[in-house]
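First the structure, in the form of structure tokens, and then the observations on it.
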Amino acid sequence: MWICFKEGFVSAVQNPDDPDDLVVRARNVRHLEALFPNHEIVMSPDADYACRAYIPKTEFGALLARKSAAIDYQNFKASVMDRRLHQLYAEFWRLHLRYQWSGGV
């Protein structure tokens, strides 16, 4: 699952070693630090996602519920203050628009 937060972009997948945990991955350590300040972050510089945190599914679900309840913007991209992250999301948005125009509707 890919998730775009104002604080960062993460990918969440099943932890192969624990059915109750997710591996939440990021390409920027600050993204995980902002979302999971009390968790160890494992660095794997050669991996496709260099930064990883092991998070219980219940905790991840609670985070999603809190973030959803806290939405106070009418334009997500405009709410992202980190310039590089905003550019990443803008490109993602453009790719999705092209997908829609090419028959995604």
Side-chain angles (χ1 to χ4, degrees):
M1 172 186 290
W2 286 358
I3 305 174
C4 299
F5 292 106
K6 290 189 322 184
E7 300 85 353
F9 173 81
V10 298
S11 171
V13 297
Q14 176 62 56
N15 179 349
D17 299 323
D18 187 339
D20 295 326
D21 281 0
L22 297 172
V23 183
V24 182
R25 311 170 308 169
R27 293 194 166 101
N28 184 320
V29 69
R30 290 189 323 262
H31 298 180
L32 290 177
E33 290 171 343
L35 294 167
F36 305 104
N38 299 318
H39 284 274
E40 176 185 1
I41 298 170
V42 177
M43 301 301 293
S44 300
D46 295 328
D48 63 337
Y49 290 90
C51 317
R52 296 161 188 252
Y54 296 83
I55 309 296
K57 288 180 177 180
T58 54
E59 183 177 341
F60 191 77
L63 172 76
L64 293 177
R66 283 192 315 276
K67 293 294 187 183
S68 297
I71 293 173
D72 61 355
Y73 48 80
Q74 294 185 2
N75 181 310
F76 172 68
K77 290 187 312 296
S79 75
V80 178
M81 297 296 105
D82 179 290
R83 182 184 57 80
R84 288 180 56 231
L85 187 60
H86 181 274
Q87 290 173 337
L88 174 68
Y89 290 163
E91 183 61 23
F92 191 55
W93 179 88
R94 283 189 288 277
L95 290 170
H96 277 251
L97 184 60
R98 276 190 253 156
Y99 172 79
Q100 176 181 315
W101 287 347
S102 69
V105 176

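Here E91 pairs with R94 in a salt bridge; the nearest charged N to carboxylate O distance falls below 4.0 Å.
The backbone N or O of E7 lies less than 3.5 Å from no partner atom in the side chain of R30, so there is not a single donor-acceptor pair. Checking side-chain atoms of E40 against main-chain N and O of A53 turns up no donor-acceptor pair under 3.5 Å. Distance alone, capped at 3.5 Å, places no donor-acceptor pair between the H86 side chain and the V80 backbone. No donor-acceptor distance shorter than 3.5 angstrom exists from the side chain of Y49 to the backbone of S44, with no hydrogens or angles considered.
Nearest heavy-atom pair, Y89 versus F5, reported as atom, atom and distance to 0.1 Å: OH-O, 2.8 Å. Contact detail for P16 and V23: the closest heavy-atom pair is CD-CG2, 4.4 Å. Contact between L85 and K6 at its shortest, heavy atoms only, is CD2-O, 3.5 Å. The nearest pair of heavy atoms linking H31 to F9 is ND1-N, 3.1 Å.
Side-chain contact between P56 and H39 is present, with heavy atoms from C-beta onward closer than 4.5 Å. Taking the side chain as every heavy atom from C-beta outward, D20 and K57 never approach each other to under 4.5 Å. Between L22 and M1, the closest side-chain pair of non-hydrogen atoms is not below 4.5 Å. Using a 4.5 Å heavy-atom threshold, the side chains of F36 and F60 count as touching. At a threshold of 4.5 Å between non-hydrogen side-chain atoms, the residues K67 and I3 do not count as touching.
Taking S11 as the reference, R25 meet the side-chain hydrogen bond (donor to acceptor under 3.5 Å, both in side chains) condition, with sequence neighbours excluded. For the side-chain hydrogen bond (donor to acceptor under 3.5 Å, both in side chains) test, no residue two or more places apart in sequence or in another chain qualifies with R66.
F92 and H96 have perpendicular rings, their planes meeting at more than 60° on a 0 to 90° scale where under 30° would count as parallel.
Atom OG1 of residue T58 and atom CG of residue L63 lie 11.5 Å apart, to the nearest 0.5 angstrom.
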